[in-house]
2 protein chains.
Amino acid sequence: MAEKQRHSWVAIRDSIREMILNSTYGPGDKLPRDEEFAARFGCARSTVHRAMRDLAQSGIVERRRKGGTTVRRDPVTRATLNIPITRLEVEQKGSVYRYQLIRQSMQPSPPAIMANFGLHEARPMLRVEALHLADSRPYIFEDRWICVETVPEIASVDLSRESANEWLVRNRPYSKCDLRLYARTGTSTDSEILQSEVGDALFVMERTTWISDAPITSLCAVARPGYQLFTQG
Amino acid sequence: MAEKQRHSWVAIRDSIREMILNSTYGPGDKLPRDEEFAARFGCARSTVHRAMRDLAQSGIVERRRKGGTTVRRDPVTRATLNIPITRLEVEQKGSVYRYQLIRQSMQPSPPAIMANFGLHEARPMLRVEALHLADSRPYIFEDRWICVETVPEIASVDLSRESANEWLVRNRPYSKCDLRLYARTGTSTDSEILQSEVGDALFVMERTTWISDAPITSLCAVARPGYQLFTQG
DNA sequence: AAGTGGTCTAGACCACCTC
DNA sequence: AGGTGGTCTAGACCACTTG
């Protein structure tokens, strides 16, 4: 009952992971070089590399040139979140999506937004407050700041028709994304906008993106009560 | 001002992404075969493959054998969450970690847990309720169910000394992990355990893991008010 | 300065899936 | 049944980083 491919990178990854869990190699230990493993397994070095890359991405090992591969002392659980465009998220649930621009204006970035971006000086930004609705009921409220120096085209987009969320995802790739998730108690302002009760537990997602160190957008999205965020491939 | 490596997979990835954003290839369009791209770029097919794998993982394209590579119609934002062992999370903040086992008992899996695992029949499970503390203040309360058929060794672990969280992460790899995040209003039970106020907004993380279709554990972790979950590489 | 991981190549074969 | 992506190899060179 052998595997179809004897030297598949998956098999090799599992072997190495098994050794780590066996304590053949413990936390902080240095693993043999890729070439050494390749010789042991009787496969090409690139196959070991492929396996190692997977283990590194899972957070089980750390790799450094010259430094070699070491077993992480602090294993982490890594989960990938899929954050779809809000319109598609709503439509996928079979609801009717509607979008409502509440306010937009040019403002210099306030301290909180500068902190999100890691900026030391204020930059001119477009602030957009908007509401996403599902079946005419408030779904997510977003308060977004867009750096017009990085995204000058945003000025010519009609944000009352197309959401900034959608325009940016479709037109601006990002190279870095910071995400912050937490729960907040609803205020009276929240309850007005989201038609929720004061004191409801609200789910908040803050997302900040850059394209190679240039700030793109930073937003704070507040979801209606009952909202859940899932993982999924 | 040319790049050091003219045919680096990063450069090729960026070129292809650029074409997609240019609408050279629009949503739903089929991209040329890898071999075709390789010929155009004057590189090896495996280099195109490396670039494509990255684009696929970012959620920009979809690849299928024989079906070829297509531009996704519904772009998604993908973010990787790092969920450390709770003890390390606390210690990294410079706080003193403490752990307190509240209750543990063998119980057949209730419907909610069966649903998390996708089981049709109840299985014997070890239920563990425990509290993680930071500087003697409640930090996270976890209500965990462990499938003893998959993890029989758990029976011989002293869970009053080592948290199930830590033991499992260190000893049990998983092949699949479902995550669900949401906000919940604190009940009187919550307020007792977490020393919070009734009505506080609490951040809840539900996590279910399998090892190749065999259920490992399903837990519901409730964090103290003010808790935040971040991304980070 | 040298050792280790990262990348690239050219070619081969395989596995999956649509046509 | 055939086309496409996925993997594997053997070898070469490069880039990072630590001793």
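All values derive from a computational prediction rather than experimental measurement. Chain identifiers are assigned alphabetically (A, B, ...) following the order of the sequence lines, protein sequences preceding nucleic acid strands; residue numbering begins at 1 within each chain.
Heavy-atom nearest nucleotides on DNA chain D were determined for B:R65 and for A:C43, and the one closer to the 5' end corresponds to B:R65.
Following rounding to the nearest Å, A:E35 (CD) and D:dG11 (P) show an atom-to-atom distance of 11 Å. Here the P atom of nucleotide D:dG5 and the CG atom of B:L55 are 13 Å apart, to the nearest Å. In this structure, the CE atom of A:M52 is 12 Å from the C1' atom of C:dT4, given to the nearest Å. Between the CD atom of A:E62 and the P atom of C:dG6 there is a distance of 12 Å, rounded to whole Å. Rounded to whole angstrom, the span from the CZ atom of A:R53 across to the P atom of D:dC8 amounts to 12 Å. The distance between atom CD1 of A:I12 and atom P of D:dT7, rounded to the nearest whole Å, is 13 Å. Residue A:K66 contributes atom NZ, which lies 5 Å from atom C1' of D:dT18 at whole-angstrom precision. The interatomic distance linking B:D54 (CG) with C:dG6 (P) rounds to 15 Å, in whole Å.
Side chains of A:R63 and A:T69: a donor-acceptor N/O pair is present below 3.5 angstrom, by distance only.
Between the side chain of B:T150 and the backbone N or O of B:P215, at least one donor-acceptor pair lies under 3.5 Å.
Note on B:R33: a side-chain N or O is less than 4.0 Å away from OP1 or OP2 of D:dT4. Neither OP1 nor OP2 of C:dT4 sits under 4.0 Å from any side-chain N or O of A:R63. Remark: A:T47 is in phosphate contact with D:dT9, judged by side-chain N or O atoms under 4.0 Å from OP1 or OP2. Dashed line: the shortest gap from a side-chain N or O of B:H49 to OP1 or OP2 of D:dG5 is not under 4.0 Å.
For A:H7, taking side-chain heavy atoms from C-beta onward, the closest of the listed nucleotides D:dT9, C:dG6, C:dC16 is D:dT9. Side-chain proximity of B:R64 to the nucleotides D:dT9, C:dT18, D:dG5 is greatest for C:dT18.
A salt bridge links B:R127 to B:D143: at least one charged side-chain nitrogen sits closer than 4.0 Å to a carboxylate oxygen. Look at A:R170 and A:E162 and you find no salt bridge, because none of the NZ, NE, NH1 or NH2 atoms lies under 4.0 Å from a carboxylate O.
Nucleic acid contact for A:R45: base, since at least one base atom lies under 4.0 Å from a heavy atom of the residue. Using a 4.0 Å heavy-atom distance criterion, B:S46 is classed as a base contact.
Atom CG of A:D213 has 12 or fewer heavy atoms from other residues, nucleotides or ligands within 6.0 Å.
No donor-acceptor contact under 3.5 Å links the side chain of B:R50 to the base of D:dG6.
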